[in-house]
Every structure is written in structure tokens, then in C-alpha cells.
Amino acid sequence: MLVGMSVCGQEEVELSRDGSHYSLSTGILPSLGAKSNRRIKLRPFIVSPYDRRYRVWETFLVILVVYTAWVSPFEFGFLKKPQTPLSITDNIVNGLFAVDIVLTFFVAYLDKATYLIVDEPKQIAWKYARTWLVFDVISIIPSELVQKISPSPLQSYGLFNMLRLWRLRRVSALFSRLEKDRNYNYFWVRCAKLIAVTLFAVHCAACFYYLIAARYHDPKKTWIGSTMNNFLQHSLWSRYVTSVYWSITTLTTVGYGDLHPVNSREMVFDIFYMLFNLGLTAYLIGNMTNLVVHGTSRTRQFRDTIQAASNFGHRNQLPHRLQDQMLAHLCLKYRTDSEGLQQQETLDSLPKAIRSSISHFLFYSLVDKVYLFRGVSNDLLFQLVSEMKAEYFPPKEDVILQNEAPTDFYILVTGAVELLVLKNGAEQVVGEAKTGDLFGEIGVLCYKPQLFTVRTKRLSQLLRLNRTTFLNIVKANVGDGTIIMNNLLQHLKELRDPIMEGVLVEIENMLARGRMDLPLSVCFAAERGDDSLLNQLLKKGMDPNEFDNNRRTALHIAASQGKENCVLLLLDYGADPNIRDLDGNVPLWEAIAGGHESVSKILAENGAKLQYGDVGQFACSAAEQNRLNLMKEIVRYGGDITLQSANNGTTALHVAVSEGNIEIVKFLLDHGANIDKANRHGWTPRNLADQQSQSEIIAIFNSIGEPKLHSSLPIPEKQSKMRYLGRFTSEPTMPVPHDGSFHGTDGTWSQSNDQSQSQSNDQSRPRRRGNNYHNSLFGIMSVAHNGEKDLLLSVDNARNGVKSGVGATRTRVVVSCPEKSEDVGKLVLLPGTFQELLEIGAKKFGICPAKVVCKDGAEIEDIEVIRDGDHLVFVSDDRRVL
């Protein structure tokens, strides 16, 4: 079984820095297409080769290998028979390696072909049997036993122990892992490895060279016998030290002043040993040279760069200030590179997703507070942060030069910079930027030469964004481009600086001529009342019905501000005069509410009608503000002021009673307002008057007649005064279609509570919810392809009460007439008005229905109270139907 991860027994192994299965030290790569590479279980009783406990066991065995590497050549060269301390220790070490043999049969291994962990016991056993099993078993056999059973020529003690030196592979693997582990210094690990190799070579050569002398037939004619009489009688320590001394002098090639080969055997061994020393010395010198050069190459390269820059400055006779800036920047780059402060080199080596996440973590909170990006969408802000480059600048270095081409703008992260202008040949400081400030943006947004020279006052870190990259991102987010331009103009106004006032006038003139590279929306032009800019944008093919995040179109904005020229332009280019925003407002209502009579007439002459908006909400607004003239204007333009608001079913009479506006109450009653019409919470205007002790209004109501019992809901004994224009959050509503479609021709309309809540939640940090489709490239192409057919179809559907959302259906009801023995009923679509419903009854059953009641006998007076699936009964007289 092949798995992508490893586990010890039944327990799962967590990823860690030093034991990560994705680290270079382990060599394990995640399999392609793996659904989960975090945790995978191995078979029972199978040990992971990367488990922490097994790693500790391997490290302990490495210590035993070091002991074996020293004692095996020593016993072979200096001992003729076993000695008690070493023989006992050898057998203990062999016993521990015997335990490792058994454990190896339960350790999973890494398949070199697939880079996956193999935990199949049979495969583990087979791999071990055909590799190291034989050597491991031989190495644990006691040396005493081998000496007794081996032939007499091979009975030399320690010869068999030399086979155990293959265990040195464990030390090599340990050093390879430590060299790749970032928790250990590579220089010192490499030095330790070189020292270990040198000591082992010296030790082995000393043991072998002494063995040649000790086994020679004439001890006096040996390298050690010629200088040490009867050397076999000397102490073991003295003989070992002498041998190591000869080995080191030979390895370092310092000569044979006192010890040298005497017989031919020794000469032959010295020949091969010195040939080996040639390779070993080259290996040591090469490695040490690489380590030293790696530590000094950057310093040498820095000195060469500084020298080249100085020569360049002198050769071209550059000013001293400019030469100092060059050298300061090069010194800063060297320092930041050496101290690890230059993020960009590190970020460039990572995938884009990781770079974006890092930039978002480091700089998003800073960029979010920059004035230019207030109110833009989170998507745009994230894209901008991902493309920004962090750079360091030393003190007194120019970041931007006055009048240079606008290629980048900067955000100050740390440090301080000053803004300078050149007047009469002298530089004058006109401002200073602090953390979070932006500079160079005017040149980038308006594509004009930079206004100031920006020079650092101390070591500063800046975020740089390229102009081309910035415009490419903003062009895909037209609404955000409008917000950015608004922020720029508002910022220039707030500065109240003579220089900036001139810049503001110039930018406004450029806007009027349509010479801005930043993508702008028709809503932006309408809000500014700039009919020249609006004309330029509409000529380019922009959608006149483009809307903002509240679905307010440019016609809404122009009508609310009384901009006649903008209104006429939009209507000439096909703007819909009856389009609705999220609150149910239509452009005609915006003009009426703002008191712009001329704009109201223009809209009315071009087919604008209040009925396409939430007339009930309009009347509630007028009643709350106690504006009788506004109420009369609603009636004048054909609005039914007795309708309920789509938000909560409240009528203008509810609001007038709640506010105590007696004149409004009288006016509403004169126009047929129902004092017993309940809202969605069961409150009627009569109930409200009674509960709030509105004696004068109660008297007016009593003069009308007895109340009709439409609701059996109890009235609370005491309730605080409320405003009915607000939304009841506990009331479930259906989400509104994005095109603002209607439920019926009477103008009723509902809005999602989620939308209103999301708007209120964003007040602290307003953000756009999405991108404008209409003025994107794809949107313009789609409009050009489809023409006006889809727009006319959408308007026609809205006027006929058809929901234009995907999958939306009309309300279906069951109608019947007991007088015609039609008790089963017929399934029909609910029409838009109550009168049309009566006409259906007359057509279906051949009667003249006087009223419509529910199945339980309750009379229905308004089409709005009918829901999908209701059973309606037509009655031609006053008889009750039970």
C-alpha cells in the first residue's frame, strides 16, 4: 500500500518544522491530485521513518556507529585478543543493533521511484532482505565466536570487526539531513563533517601502519622499532599516540624528520596512503575555500559596485549630492539584503497566491486607510495590494522628481518624506508626508507631469504601484474608478491650498473634455452635474441605465439634484424613466421629493409615472415629514396615497397618526384612506390612535363610522411611539430581483431585509458590493449585440407584474363559486388588480361577483393580502359562504 504521509502505529503524525513531510530533509513529495495530504494513517504496527521517536533512536545509533568507527580499526591494529572493557562494550553495542534489525522489519520506507511511503510488511521485508540484512546479521556476531570458528590464517582478532565499518552510512545520512535543516548552521555542520572525515582517516591509517610494524618478522627494522627499542613492551597509549603522530605528519605532508618507512611493506603502504592524501587534501581545501568565499563574496561584490559607481560619478562629473545619493542607495541595498529586510526578492521567488496573501497580511490595513481608496470594493483593494512593491530609500534620496513622467505613485509605510517645488531656481518645501500618506497620485490619475519633488528625510519604506498596472485593475472595476476620482476631487477641495485649487480646476476641465484615462461612470458625471462629461461618456457607448451599489441610476441622481441638462441627456440616450432602485424609488419621485418642478415635468412628459415605484412608501415619507404639499404632488402625478408600503405593509395613515399630523390625516381620509386597514403586524390607524391617546384624531375617526373587524389581534396596553418607515427585522421577506421587478400593476414591491442589513453594517467602512456589469467591456458588447429587445421585454414584464428573476413564477390561486355548483374550483393566475380578479369571476362562472371571500368566510378587500395557493370564493350577494 502506498500512502502520501506517515504515521507511527495507529497515531497520526502532525506536521512540524523539523519533521515536515514536505521538507527537503525528508524527500517526500505530495502526490498529484491528492485530496488530503495533511494526515494519512499507516498500517497497524508500522513505524514511520520520520516519526520523532524513531529519529531519536536513529540518532542514538549514530553515536554507537561513532564508537564502532573508532574501536574496530583500533582492535584490528593494536589488540591480539579480547580485552574485558572493550569486549563487553562491543557485545552490548551489537545487541542494540540486533534490536534495530528487528525494528527495521516494521519501519516503512520511501520508494525512490514514486516518492511515496511504502507500509506493506512484505515489501518492507523484501527490500531489507535484499539490501542490508546480511551485513546487519554478520555485524552482530560476537568477535570471540568468529575467532574460534574461523580458519587459522583468519583468526586475527579484530579482522572480522572491520566489516562493521559499513555502519558509517548512518553518519553520512545524518550529516546530509543536518546540512538541509535550516535549524542548524550550514557552515558549522559542514566543518564538523570535514573534521570527522579527517580524524577517521588519520585514525585508520595509524592503526593499519602500526599493524604492519607489529606483524613484521624483525621489529627493529620497522618505522617505529628504529626509534623506539622494544616498542611492543611500551604502553598501549604510547604506541597509539606515536602512530597517530606519524599519520598526521604524513597527511599534512610536513616531512619525515623522525618517523619514516624502513622496509618495503611500509613504503608500499605509504605510497598508497599519500596518494589517498592527495584526494583528501583537495577535498578539504575545496570545501573550506567554498565556505570562506561564500561568506566574503557579497562584501567583495559590494566593494566592486561602490568603486564602479564612484568612477562613474567622477568620469561624468556628476554633482556631489547626486553622487552621495547613488552611494547611499547602494549601501542601503547591501544592508537590507544582508539583514533580510528586502521583502521583494523573497516575494518574487514565491507563487502568486502566496505573494498575494503575504502582501495582504503586511499592507492591507495600511492601504485600506489611504484616502484615495475609501469606499472601494474589497476585491479591488486586494488586487492593488497584491501588485504593490515594497522598497527602501535612504535619507535625502529623491523618490519622484518634479515634472518627470507619471509612471508610479507611492504610499509611505515608515519614515518621512518632504514635498518640494522649484521656484526661481531654488527648492522650496511645500509639505511633508507621514505614514499612510500618498504621493504621485495626481500625476498618475490625470496623466500629467509630477507636481512635486519627493525626497526622503530619513530611512523610509515605500509601497510602489505602477500606473499601467493600476489602470488595468481599475478598468475592470468601473464603479471603483468613480469612487477613486471622487475621493481625489474631495481631497483636493479639503486641502484649501492655492496650488491644489489650480490643480482641481484643471482636473475638472479635463473631466469636462473627457480626457481622463481613469474609467468613469455616468453616475459620477450625473452626481457632479457635469453634462459635458456625461455627454462624452454616453457618446462612448456607456449604458445610460448604469446603477451604483444601491441600484440608483444616473437618472435618479440627476433628478434628485435637479440637473435638467443631465436629465434631458439621459432621456435622449434611452434612460428608463421608470427604473427603480433598491428602496423602490423612481426618478420622478426623486424630483418631486427634491422640489424640482421643472425636472418633474420633463420626466412626466417622457413617460415617467409614480405607479412604477413604491407609492405607499412615498406617501409614508411625506406623512412622516408632515409635508402636505408633497402629498398633494404625489396625488397630482397619479400616485395612490392609500397604498401600503412594500417594506412593512404600513400606509401613510399609520404614519400620520403615529406622528400626530392632523392635516395629513384629514387629507388622506378625503382621498379614501381606510382607518381599519392593518399593516403586517396587525396594527390599524384606529388602534394606533387609541393606543397613543390621539383624542383629536379619534374624534375624526369616530365621525366616519364604526370600525370593521378585520383583525382579532390584541392591542398591547402600552407601547412606545414608533416610526413606520423603518424595516421590521423579524418580518420575513422575499429577496428583490436585481432588476427591481414588480408584484403587480398597483406598484407593490418587496425588498430583501438582507440587503438593508448589509447596508447598515457597512456604514462604519462603506464598501461597494460588486462590480458594474453594464459599463464593462463585456457588458457593452452584450448591449450592442442584443439591442433594445431585452430592455423592452424587461420593462414590459415589470409593467405586467411578471418577476424577471431566473426561475421566478406568478402567484396561482384556486377560484370557485358555490352558487354555480363549482365547489371544486379552478386554478388561475392571480391578476395584478382586484378589479381584474372580479372580471375573472364573471368570465369563469357567468355571474356578477359582489365580493371575494376566503374559504373560511373572511372577506378580501385588497389584492395584496392574497398569497400563492389561496382558495378564493366569488359571491354575488351578501350571503355568507361557510
(message) Less than 4.5 Å apart, side chain to side chain, heavy atoms only: is that true for Pro395 and Lys457?
(response) no
(request) Keeping the roles fixed (side chain from Asn91, backbone from Ser87), state whether a donor-acceptor pair exists under 3.5 Å. (result) yes
(request) Compare every heavy atom of Ala108 with every heavy atom of Asp119, then report the nearest pair and how far apart it is. (result) CA-CB, 4.2 Å
(message) Please check this pair: side chain of Ser247 against backbone of Val202, looking for a donor-acceptor N/O pair closer than 3.5 Å.
(response) yes
(message) To the closest 0.5 Å, what do you measure between CD (Gln323) and OG (Ser310)?
(response) 7.5 Å
(message) Tell me whether Arg53 is salt-bridged to Asp51, with the criterion being a basic N under 4.0 Å from an acidic carboxylate O.
(response) yes
(request) May I have the step-by-step check of side chain to side chain contact (heavy atoms under 4.5 Å, CB included) for Tyr410 and Leu463, ending in yes or no? (result) CA-CA 5 Å; Tyr410 298 83; Leu463 289 180; over 6 Å; no
(message) Determine whether the aromatic ring centres of residues Phe208 and His203 are separated by less than 6.0 angstrom.
(response) no
(message) For Leu64, is there any backbone N or O sitting under 3.5 Å from a side-chain donor or acceptor partner on Thr68?
(response) yes
(request) Given side chain to side chain contact (heavy atoms under 4.5 Å, CB included), test Trp246 with Ile248 step by step and report yes or no. (result) CA-CA 6 Å; Trp246 167 86; Ile248 290 178; over 6 Å; no
(request) Determine the minimum heavy-atom distance between Ser359 and Val385, stating which atoms define it. (result) O-CG1, 3.2 Å
(request) Looking only at non-hydrogen atoms, find the nearest pair between Leu103 and Val47 and report the distance. (result) CD1-CG2, 4.4 Å
(message) For the OG atom of Ser365 and the NE2 atom of His360, what is their distance to the nearest 0.5 Å?
(response) 9.0 Å
(request) With rounding to the nearest 0.5 Å, note down the distance linking NZ in Lys220 to CG in Asn229. (result) 7.0 Å
(request) Please round to the nearest 0.5 Å and tell me the distance separating atom OG1 of Thr59 and atom OH of Tyr54. (result) 10.5 Å
(request) Taking the side chain as every heavy atom from C-beta outward, state whether Trp70 and Val65 have any pair of such atoms under 4.5 Å apart. (result) no
(request) Measure the spacing between NZ of Lys389 and CG of Leu465 and express it to the nearest 0.5 Å. (result) 9.5 Å
(message) Looking at Cys207, is its backbone amide N or carbonyl O close enough to the side chain of Ser243 to form a donor-acceptor pair, meaning the two atoms are under 3.5 Å apart?
(response) no
(message) Is it the case that over 12 heavy atoms from other parts of the model lie below 6.0 angstrom from the OH atom of Tyr184?
(response) no
(message) Whether the side chain of Ser172 engages the backbone of Arg170 through a donor-acceptor N/O pair (distance < 3.5 Å, no angle test) should be reported.
(response) no
(message) Looking at Glu179 and Arg190, is any side-chain nitrogen of the basic one under 4.0 Å from a carboxylate oxygen of the acidic one?
(response) yes
(message) Under 4.0 Å between a side-chain nitrogen and a carboxylate oxygen: does that hold for Lys221 and Glu266?
(response) no
(message) Please identify which of these residues, Val413, Ile411, Thr456, meets the side chain to side chain contact (heavy atoms under 4.5 Å, CB included) condition with Gln461.
(response) Val413
(request) Can you establish whether the number of heavy atoms outside Tyr283 located under 6.0 Å from its atom OH is more than 12? (result) yes
(message) With rounding to the nearest 0.5 angstrom, report the CZ to OG1 distance, Arg464 to Thr469.
(response) 9.0 Å
(message) Would you say the ring centers of Phe382 and Tyr364 fall short of 6.0 Å from each other?
(response) no
(request) Answer yes or no: is there an ion pair linking Arg265 with Asp270, defined by an N-O contact shorter than 4.0 Å? (result) no
(message) If you count heavy atoms of other groups shown closer than 6.0 angstrom to CZ of Phe106, is the number above 12?
(response) no
(request) Answer yes if the ring centres of Phe269 and Trp223 are under 6.0 angstrom apart, and no otherwise. (result) no
(message) For Thr281 versus Leu251, what's the shortest heavy-atom pair and its separation?
(response) OG1-O, 4.1 Å
(request) Test Leu259 against every option in Thr249, Ile224, Thr242 by the side chain to side chain contact (heavy atoms under 4.5 Å, CB included) rule and name the one that passes. (result) Thr242
(request) For residues Gly436 and Leu366, report the shortest heavy-atom separation together with the two atoms involved. (result) CA-CD1, 3.7 Å
(request) Provide the closest heavy-atom pair for Ser238 versus Met228 in the form atom of the first, atom of the second, distance. (result) OG-CE, 4.2 Å
(message) Pairing donors with acceptors under 3.5 angstrom, does anything connect the side chains of Asp136 and Tyr128?
(response) yes
(request) Using the side-chain hydrogen bond (donor to acceptor under 3.5 Å, both in side chains) rule, take Tyr210 and Arg239 through it: C-alpha gap first, then chi angles, then the decisive distance, then the call. (result) CA-CA 8 Å; Tyr210 176 80; Arg239 287 177 284 166; 2.7 Å; yes
